[in-house]
Student: 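Quick one: the structure is below, and I'll ask about it shortly.
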Amino acid sequence: MKTIDDYNFKGQKALVRVDFNVPLDDKFNITDDTRIRAAIPTLKKILGDGGSLIIMSHFGRPKNLPEVKFSLKHCVPLLSQLLDRPVLFAKDCIGAATKTMANNLKPGEVLLLENVRFHAEETKGSENFAKELASLGDVYVSDAFGAAHRAHASTTVVAKFFPGKKMFGYLMAHELESINKLLNQNKKPFTAILGGAKVSGKIAIISNLMNKVDNLIIGGGMAYTFIQAMGGKVGSSLVEEERLDTAMEVIKEAKVKGVNLYIPVDTIIADAFSNDANKRNCDIKNIPDGWLGLDIGPETEKQYAKVIESSSTILWNGPMGVFEMESFEHGTKAIAEAVVRATKKGAYSLIGGGDSVAAINKYKMTDQVSCVSTGGGAMLEGLEGQVLPGVAAVEEDVEKIAH
Ligand code: AMP
């Protein structure tokens, strides 16, 4: 894969699509700056070459009209600090005033555009809107992995206006390499750990992984659908009645394909969905009426940790329980610790999907695994084997750039 390393940006205005969709508190302070920091190496490389930056991003889900809480101006101070220079801000991502600002940019200067989603044309993938964005820069750099699964104007359509002059930034390249490493170059044994709330959200990824993994570990809310499908009693635990057949099919398919499928044997049950509820350990097939399973139990933790620690490739997506509540985070934490131990022994580990990333951040283990993906939906679609539109739009040309 060719990246910005194959290009010299001297004297060029780079139109860079990043993902600055960071969370804000009610005073508009950034509460987690991971996504902004993740884009900095790409931005610095372009500036270091003697190029200038026109940065565009979406921010939240505005209803196609400007709203203060979705303004990218809140990112200016931090961006300016991280790039160690002033950052100009364009109040609209298109229009005459913005065009003038872009035209006047000198090498080393930085212009951040207002939220592209303040225009309905962005999510519609409008060609005219994309053309206006494209008119601002000489070269297009795609570094918004978190938005690469969207065929929007600034992530995908805009690329067609840069024949021979479009490429991936470092973040995008790194994320695509980790998906490729997992799907196509994995060392065995390969273990996928899937948790989170529902079977329905994970079924496509389960199907694709079934052809690749040696071990498939199930945890979180979706485990109870499997248990009920197998005839167990799950009390008031989360169950998707309409997915009972799906769960049985997964069990059958694993058998046919020789995949070791791990389903929890014990669970921490509670008498209410609350951190202060009464709780105890329980055989997962015999949960009393009125009680619900909110975490995996100690026996399951032990079993899972053993499998994880003897793996060479690990994918983890989705928490093992309601880890947001301290009373039910033990299982998720134990799995995170096992992934870290396996990584120390030489395994390649990729953590992806919003909540497992939040968990690994919470336990301050981000630097102790191989890769923490910045894009939940994009990573899932990539692992499901789908072509990401934002990737395809740039890849068309990537080979041409190299020559
Ligand atoms: P997902 O977005 O599908 O990965 O699901 C993540 C969410 O699943 C988290 O907010 C967890 O609190 C929730 N979750 C995990 N285990 C359970 C469970 N046993 N019952 C209900 N929700 C759960």
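As the structure lists them, so they are numbered: ligands from 1, and atoms in each ligand from 1.
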Student: Which protein heavy atom lies closest to atom 12 (O) of ligand 1, and at what distance to 0.1 Å?
Tutor: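 For atom 12 (O) of ligand 1, the nearest protein heavy atom is Glu324 OE1, 2.7 Å.
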
Student: Please confirm whether Gly321 approaches ligand 1 to less than 4.0 Å, judged on its heavy atoms.
Tutor: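 Distance cut 4.0 Å: Gly321 passes for ligand 1.
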
Student: Can you check whether Gly221 has an N/O within less than 3.5 Å of an N/O in ligand 1?
Tutor: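 By distance alone, the answer is yes.
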
Student: Relative to the heavy atoms of Gly196, which atoms of ligand 1 are at a distance of less than 4.0 Å?
Tutor: 1 (P), 3 (O), 4 (O), 5 (O), 6 (C), 8 (O)

Student: So, are Lys10 and Asp49 salt-bridged, with charged N and O less than 4.0 Å apart?
Tutor: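 No salt bridge links Lys10 with Asp49.
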
Student: Can you tell me how far apart CG (Leu78) and OG (Ser80) are? Round to the nearest 0.5 Å.
Tutor: 9.0 Å

Student: Would you mind finding which of Asn317, Asp355, Thr332 brings a heavy atom closest to atom 7 (C) of ligand 1?
Tutor: Asp355

Student: Does any N or O of ligand 1 fall below 3.5 Å from an N or O anywhere on Ala197, backbone included?
Tutor: yes

Student: Relative to each other, are the rings of Tyr262 and Tyr304 parallel, tilted or perpendicular (30° and 60° limits)?
Tutor: perpendicular

Student: Looking only at distance, does Gly293 have an N or O less than 3.5 Å from an N or O of ligand 1?
Tutor: yes

Student: Please report the closest heavy-atom contact between Gly331 and Asp295, naming both atoms and the distance.
Tutor: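 Nearest heavy atoms, Gly331 then Asp295: N-OD2, 3.0 Å.
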
Student: Please tell me whether Lys202 and Asn317 have a donor and an acceptor in their side chains that are separated by less than 3.5 angstrom.
Tutor: yes

Student: Going by atom types alone, do Glu240 and Thr225 pair a side-chain donor with an acceptor below 3.5 Å?
Tutor: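 Their side chains do not contain a donor-acceptor pair, so the 3.5 Å distance test is not met.
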
Student: Hey, do the aromatic rings of Phe9 and Tyr7 have their centres closer than 6.0 Å?
Tutor: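 Yes: the rings meet the under 6.0 Å criterion.
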
Student: Between ligand 1 and Lys202, can you find any atom pair, the residue atom being a heavy atom, that is separated by under 4.0 Å?
Tutor: yes

Student: Any idea which protein heavy atom is nearest atom 22 (N) of ligand 1, and the distance to it?
Tutor: Val322 CG2, 3.7 Å

Student: Find all atoms of ligand 1 within a distance of less than 4.0 Å from any non-hydrogen atom belonging to Tyr224, and give their numbers and elements.
Tutor: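 So the atoms of ligand 1 that pass are 19 (N).
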
